[in-house]
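Residue numbers start from 1 in every chain, and the chains themselves are labelled A, B, ... in the order their sequence lines are given, proteins ahead of strands.
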2 protein chains.
Amino acid sequence: MREATLTEIKSIARRHLVEHGVAGVSLRAIAREMGMTAPGLYRYVPGIDALLVAITADMFDELADTVAAADASAPAEDTELRLHIALRALRAWAITHPAEFSVMFGPSSRLDLEADITPALEAGRRFASTFFSLCDRLIREKDIPLPADEEIGPELTAELRSFADTVGLSAHAMPTGAALVLTRCWIRIYGVVCMEVFQHLGFVVTDMEPFFESELQDLMTGLGVRYIPIEHMGRPVTDAPG
Amino acid sequence: MREATLTEIKSIARRHLVEHGVAGVSLRAIAREMGMTAPGLYRYVPGIDALLVAITADMFDELADTVAAADASAPAEDTELRLHIALRALRAWAITHPAEFSVMFGPSSRLDLEADITPALEAGRRFASTFFSLCDRLIREKDIPLPADEEIGPELTAELRSFADTVGLSAHAMPTGAALVLTRCWIRIYGVVCMEVFQHLGFVVTDMEPFFESELQDLMTGLGVRYIPIEHMGRPVTDAPG
DNA sequence: CGCTGTTTGCTAACGGTGTTCACTTAAGCG
DNA sequence: CGCTTAAGTGAACACCGTTAGCAAACAGCG
């Protein structure tokens, strides 16, 4: 079966990624391990760049599934708890899959600049939508203090509206202030997780979890949402089923 | 002169980095351009990894110089303005040097895991100290609202104290609460700049500057410092002299 | 059955990479 | 002058991505 071969290729590529870093992913090594030669792989994959894009898309899907599974493990009505769980699941996946996270969220250093990365972009969009719906829900339920439209500034407003439009949310569904606090929160989560995975404070800090939790707490209280410490959460779900 | 040859090697490597990405830096290409052969470079550099580490260290020094020069262009007493200028200089350098920023602040994907990256780490420390002294000055002058020691939590306190110690600041020079707000601010700046340079919102946002400014404003007001918009700043210094 | 067309994988080859080793050349110096 | 040391070279090894041409297997069909 053709499908199975492609799956095997991607699975071996993925393993080489986590074991030897993105630089250690090579068509020749994959072919060697499969008992065939490198040119044969070109029947399944148009090149190394496309293969990396493909597994990146797969990893976005996997991360989205992981976060969704964690989210689903909480009572559907408890939006606040679900947000805590989803964000912690994101961090947990990131630090247990640093190689994957690096190619997904780091600079696309290996891909050719003219490579077609749309599949990975699509999958990234699907991943983001998980958090969009959670935040949308939160804003709809709770009375989150949102900045008024007048105090946002024209350039920022334009960017936020184009952002919301691309995501597919009208000004009615998502006010500009909501888009602003959403991106602000995402920037902070992104920052603290990147910092941990890229080991940017690695030589001076041993465990970044307290920083993540501190950021989470500051974020939640800033949103008028109660912060739920880890201990009061029950066993967190850290991986997708299957 | 031996020193000059090494400088030329690093300068060509740097140009290849910005023109073709980190994957486009190769000893053979550098040697070709210098009119010699690749093994000859081994008289000056122990290998490609060490060369990348060396130019990374240089780039940290350059960034530190750029930020310091921008900082020095403001009145020494106006700490608030200096902080604005320094942070904007950081962003300006980052977005005008995306390839450099990626190897400095992104995942170290190309370096061998057992490579000796201490020179780059040292230079990164020197870069960070620029901001440490500015923040130290700010905390000393203004009455920044700092979280009390009791409300920080034992794990976080331990990390923060070890952090301050490594940087060389005692509990007297830098209270735990100060270290916390400092790292929190750094996380947010790091997050928004990484997001811009790595083009993480690139398909949905055209200009990240409003987001950076919004983050800067929120950050400053949270610190009890007045936010100074770009227009009220005079011409910003965006690069080092020479 | 035999004849086609397609799929699959191969070998060979080209040009690129990092790195090591043995060697020559040149410079400096007592 | 002779000796030592540094600088650079060429050949070689083991990798890499990619292309071109070819052979075998397989499917469908008359």
Side-chain angles (χ1 to χ4, degrees), chain A residues 1-56 99 103 108-117 119-120, chain B residues 1-56 99 103 108-117 119-120:
Chain A
M1 208 60 161
R2 183 179 172 77
E3 199 67 30
T5 309
L6 180 58
T7 307
E8 185 185 358
I9 292 173
K10 293 198 289 187
S11 137
I12 296 177
R14 170 77 172 272
R15 212 185 60 247
H16 288 186
L17 169 66
V18 321
E19 285 175 1
H20 309 113
V22 64
V25 181
S26 81
L27 291 179
R28 290 193 122 111
I30 295 170
R32 208 179 302 134
E33 192 165 324
M34 294 179 66
M36 54 188 286
T37 60
L41 295 183
Y42 279 75
R43 302 289 177 188
Y44 301 91
V45 159
I48 183 68
D49 283 0
L51 175 57
L52 287 174
V53 170
I55 67 175
T56 303
V103 317
S108 43
S109 52
R110 182 157 177 204
L111 273 44
D112 256 355
L113 282 73
E114 64 257 18
D116 180 24
I117 60 171
Chain B
M1 208 57 162
R2 183 179 172 81
E3 198 68 30
T5 309
L6 180 59
T7 307
E8 185 185 359
I9 291 173
K10 293 198 289 187
S11 135
I12 296 177
R14 170 77 172 272
R15 213 185 58 245
H16 289 186
L17 168 66
V18 321
E19 284 174 3
H20 311 112
V22 64
V25 180
S26 82
L27 291 179
R28 290 191 121 112
I30 295 170
R32 208 177 303 134
E33 192 166 323
M34 293 179 66
M36 54 187 286
T37 60
L41 295 183
Y42 279 74
R43 302 288 176 187
Y44 301 92
V45 159
I48 183 68
D49 282 0
L51 175 57
L52 287 174
V53 170
I55 67 174
T56 303
V103 317
S108 45
S109 52
R110 180 155 179 206
L111 274 43
D112 257 355
L113 281 73
E114 62 256 22
D116 179 24
I117 59 170

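- Nucleotides of DNA chain D nearest to B:Thr5 and B:Arg28 differ in position, and the one nearer the 5' end is that of B:Thr5.
- For A:Asp49 and D:dG17, the CG to C1' distance is 10 Å, given to the nearest whole Å.
- Between C:dT17, C:dC10, D:dA7, one nucleotide has an atom nearer to the side chain of A:Thr37 than all others, and that is C:dC10.
- Counting heavy atoms from C-beta outward, B:Arg110 and B:Val25 have side chains that approach closer than 4.5 Å.
- Counting to the nearest Å, the C1' atom of D:dA7 and the CD1 atom of B:Ile9 are 12 Å from each other.
- When each of B:Pro39 and A:Pro39 is assigned the nucleotide of DNA chain D with its nearest heavy atom, B:Pro39 is the one assigned upstream, toward the 5' end.
- Remark: C1' of C:dT17 and CG of B:Leu51 are 14 Å apart, rounded to the nearest angstrom.
- Checking side-chain atoms of B:Ser108 against main-chain N and O of B:Leu111 turns up no donor-acceptor pair under 3.5 Å.
- Looking at heavy-atom distances under 4.0 Å, A:Gly35 makes contact with sugar-phosphate atoms alone, never a base.
- Rounding to whole angstrom units, CG of residue A:Leu41 and C1' of D:dT18 are separated by 12 Å.
- In this structure, A:Leu27 places its CG atom 18 Å from P of C:dT17, rounding to the nearest Å.
- Residue B:Met1 contributes atom CE, which lies 12 Å from atom P of D:dA7 at whole-angstrom precision.
- By the 4.5 Å heavy-atom criterion applied to side chains, A:Leu27 and A:Tyr42 are counted as neighbours.
- Between the OH atom of B:Tyr42 and the P atom of C:dA22 there is a distance of 17 Å, given to the nearest Å.
- Within the 4.5 Å cutoff, the side chain of B:Met1 has no heavy atoms near those of the B:Thr5 side chain.
- Nucleic acid contact for B:Ala29: sugar-phosphate only, since backbone atoms but no base atoms lie under 4.0 Å from a heavy atom of the residue.
- The CZ atom of B:Arg43 sits 15 Å away from the P atom of C:dT19 (whole-angstrom rounding).
- From B:Met36, atom CE reaches atom CZ of B:Arg28 across 12.5 Å, with rounding to the nearest 0.5 Å.
- Put simply, B:Arg32 has a side-chain N or O that comes within less than 4.0 Å of OP1 or OP2 on C:dT17.
- Residue A:Arg2 places at least one side-chain N or O closer than 4.0 Å to OP1 or OP2 of C:dT8.
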